[in-house]
There are 2 protein chains.
Amino acid sequence: MLTSEIAMAPGIVRLPKSTFREHIAERLRAVILSGEVPPGAPIVETALARQFEVSRGPLREALRQLIEEGLLVTVPYTGTHVISLSVEDVREIHSMRVTLECFAFEQAWDKRDATFRAELQRRHAALVATIDAGDDRASILAELELHGLVYEVCGHRLLQRTWNSLRGRLQLYWAAHHRAHSIRGPKRDGHESYVETALGDDLNAMRAEIAAHMQRGGQQTETFLKGMAQPSTDPSKRG
Amino acid sequence: MLTSEIAMAPGIVRLPKSTFREHIAERLRAVILSGEVPPGAPIVETALARQFEVSRGPLREALRQLIEEGLLVTVPYTGTHVISLSVEDVREIHSMRVTLECFAFEQAWDKRDATFRAELQRRHAALVATIDAGDDRASILAELELHGLVYEVCGHRLLQRTWNSLRGRLQLYWAAHHRAHSIRGPKRDGHESYVETALGDDLNAMRAEIAAHMQRGGQQTETFLKGMAQPSTDPSKRG
DNA sequence: GTCGCTCTGATTGTCAACAATCGACAATCA
DNA sequence: TGATTGTCGATTGTTGACAATCAGAGCGAC
């Protein structure tokens, strides 16, 4: 779904104005989030500019965008590289997910119409399909799609924006996680009760379900990360 | 507190590496958040470049940074301008504040040592002082400082990062708000119970206090915004 | 009067060259 | 031998010029 398409009339959409910066940012984000360019990998402007067949101007702007999104880190006059998340970073991602997703369900609780229910089950089925097929990369995307539904439905743009930012880090972590040990594949789905509760009538139960769900995921990855403690390269500063 | 200063030896600190981009982003953010450049105002690259005495390259990167922070909006080949928040945007900011600040207090609840208590009271006193002095601009900063303490203490870098982003929008709104009608000045402080509860022992009471506090602020501004419904120029898309 | 067209000035997007800085290696000296 | 300093290649930061695009003014046809 292209969010940059602006509806003007039935069947008519304004084509998004294209700049090199946008295309580069999009493609670069894709290869980073897919894990093709692993965490910690250096990003060299001149090489990338040659590869994308553009000059360094628009490339640098694309990099600046990804830096602000929290996917890259740069040191002036020295270099740029893909962030590598520490154990603590991952822990923070999980706790933040609980908070945001509970808030999203609170906002969306009264908006769960028939369309929502059907879409939720459709996405769950899609996730199960990718897991059964053993397609790790697709299952990552499917799981993000499933959890993303409530943010789309709740109608809170600022919340969705925040989730988008968090989703990037989560996806980055999952991709690296899978890349390193591929422990996602064999595991069972674990979203049955999530979907069931989301379709039920108990908001408090949903809050508990989210916390439990994230904690399961957190513990699974916690054991994996033990021992390979790498320093966080995530800048806690603002600019 | 300059976080970029790194202690090396007594009296010796590493000077922060400076680039034009950083300085411009800093100064431009300051004038936007102070309200000197009001919401909706156009940002012309060539004019700004002349003003800052740099070329358009680093200036564009600074703009890109502020765009990603959500302070500016740009349309390719057309122009850039300061965002203007709609009524709905402000409503979202307030609801998000409740969620984040409750989460922050949950994380920080067991870390409220003597230093925290003293600092909280110090910042509250500073806020009261600015209000008594009738200094609207200073009182905005003081209130942000007061609410920011819990984020600093909770030790959750991702949460603090999220708060920083939200704070920018809040500050922008407050500045424009004050600029338009200056209704902040005469009003009483209203943080007594907030501080009192934050120093108490009831986390649930704190949650309720936060919700009530934000709702008060929300209602105050709600009436002000009624009727001057301006369309949101905040891009809900990602990048 | 209104619609559509062209032209124009302004603004942004892109490029290639140049300058500043850094990290690493080699040379030098106590 | 160890530490310090000079040098060099690589990389990023910056610049000014040029190209692409847009919004609106002006004008003519209907």
Side-chain angles (χ1 to χ4, degrees), chain A residues 4-6 8-9 12-28 37 40-68 71-83 231 233 235 237 239, chain B residues 4-6 8-9 12-28 37 40-68 71-83 231 233 235 237 239:
Chain A
S4 50
E5 288 179 356
I6 303 171
M8 300 173 71
I12 308 292
V13 294
R14 176 188 297 187
L15 292 178
K17 303 168 188 173
S18 67
T19 62
F20 286 168
R21 193 211 81 242
E22 289 176 289
H23 286 140
I24 294 171
E26 218 165 296
R27 290 180 56 185
L28 200 52
V37 180
I43 302 289
V44 180
E45 294 179 3
T46 50
L48 265 187
R50 256 200 312 277
Q51 191 172 328
F52 283 124
E53 294 181 313
V54 294
S55 74
R56 283 175 53 221
L59 181 91
R60 280 173 63 89
E61 292 186 24
L63 292 184
R64 175 58 44 194
Q65 183 171 340
L66 296 185
I67 289 167
E68 292 301 314
L71 262 43
L72 298 179
V73 179
T74 187
V75 180
Y77 290 106
T78 303
T80 305
H81 55 271
V82 181
I83 66 161
T233 57
K237 60 166 186 159
Chain B
S4 50
E5 286 181 357
I6 302 171
M8 299 172 70
I12 307 292
V13 295
R14 175 189 296 188
L15 295 176
K17 301 171 186 174
S18 66
T19 62
F20 286 169
R21 193 211 81 243
E22 289 176 290
H23 286 140
I24 294 173
E26 219 164 296
R27 289 181 56 185
L28 201 51
V37 180
I43 303 288
V44 180
E45 295 179 2
T46 51
L48 265 186
R50 257 200 312 278
Q51 192 172 329
F52 284 124
E53 295 182 313
V54 294
S55 72
R56 284 175 53 222
L59 181 91
R60 281 172 62 88
E61 293 187 24
L63 291 185
R64 175 59 44 194
Q65 184 171 337
L66 297 185
I67 289 167
E68 293 300 315
L71 262 45
L72 299 179
V73 179
T74 187
V75 180
Y77 290 108
T78 302
T80 304
H81 54 271
V82 181
I83 66 162
T233 57
K237 59 169 188 156

Report summary line: One should read off an interatomic distance between B:L63 CG and B:L59 CG, to the nearest 0.5 angstrom, of 4.5 Å
Requested in this report: Scan residues 40-50 of chain A against DNA chain D and write down, sorted by residue number, each residue with any heavy atom closer than 4.0 Å; if none is found, say none.
Outcome: A:I43, A:V44, A:E45, A:T46
Report summary line: Here the distance between atom P of D:dT12 and atom CG of A:L72, to the nearest Å, is 12 Å
Report task. Please round to the nearest 0.5 Å and tell me the distance separating atom CZ of B:R56 and atom OG1 of B:T46. Result -> 7.0 Å
Query raised in the report: If we only count heavy atoms from C-beta on, is the B:L48 to B:E45 side-chain gap below 4.5 Å?
Result: no
Query raised in the report: Nearest-Å distance, NE2 (B:H23) to P (D:dT14)?
Result: 10 Å
Report summary line: Paired to C:dT21 by Watson-Crick or G-U wobble criteria (both distances under 3.5 Å) is D:dA10
Requested in this report: May I have the distance from A:I67 (atom CD1) to D:dT12 (atom C1'), rounded to whole angstrom?
Outcome: 11 Å
Report summary line: Residues B:S18 and B:H23: closest non-hydrogen pair is CB-CE1, 3.5 Å
Requested in this report: Report the distance from atom CZ of B:F52 to atom CZ of B:R27, rounding to the nearest 0.5 Å.
Outcome: 5.0 Å
Query raised in the report: For A:R64 and D:dT14, what is the distance between atoms CZ and P respectively, to the nearest whole Å?
Result: 10 Å
**Report entry** Audit row: B:L66, B:L28, side-chain contact (heavy atoms from CB on, under 4.5 Å) steps and yes/no
**Finding:** CA-CA 9 Å; B:L66 297 185; B:L28 201 51; 3.7 Å; yes
Query raised in the report: Rounding to a whole Å, what distance do you find between A:H81:NE2 and C:dC22:P?
Result: 17 Å
Report summary line: Nearest heavy-atom contact between B:R64 and A:E61 is CG-O, 3.8 Å
Query - Nearest-angstrom distance from the residue atom CD of A:E22 to P of D:dT21 - result: 13 Å
Report task. Quick one: look up who C:dA30 pairs with, Watson-Crick or G-U, both distances under 3.5 Å, and put none if it's unpaired. Result -> D:dT1
Query - Atom pair OH/OG1 of A:Y77 and B:T19 - distance to nearest 0.5 Å - result: 7.5 Å
Could you list all N or O pairs between the protein and nucleotides 15-17 of chain C that sit under 3.5 Å apart?
unit_1	atom_1	unit_2	atom_2	d
C:dC15	OP2	A:S55	N	2.9
C:dC15	OP2	A:S55	OG	3.1

Report task. Provide, to the nearest angstrom, the distance between the CZ atom belonging to A:R21 and the P atom belonging to C:dT12. Result -> 14 Å
Query - Nucleotide nearest B:T78 (side chain, heavy atoms from C-beta), chosen from D:dG13, D:dA23, C:dT14 - result: D:dA23
Query raised in the report: What's the spacing between A:I83 CD1 and A:T74 OG1 if we round to 0.5 Å?
Result: 13.5 Å
Report task. Whole angstrom is fine here: how far is it from OH in A:Y77 over to C1' in D:dT12? Result -> 7 Å
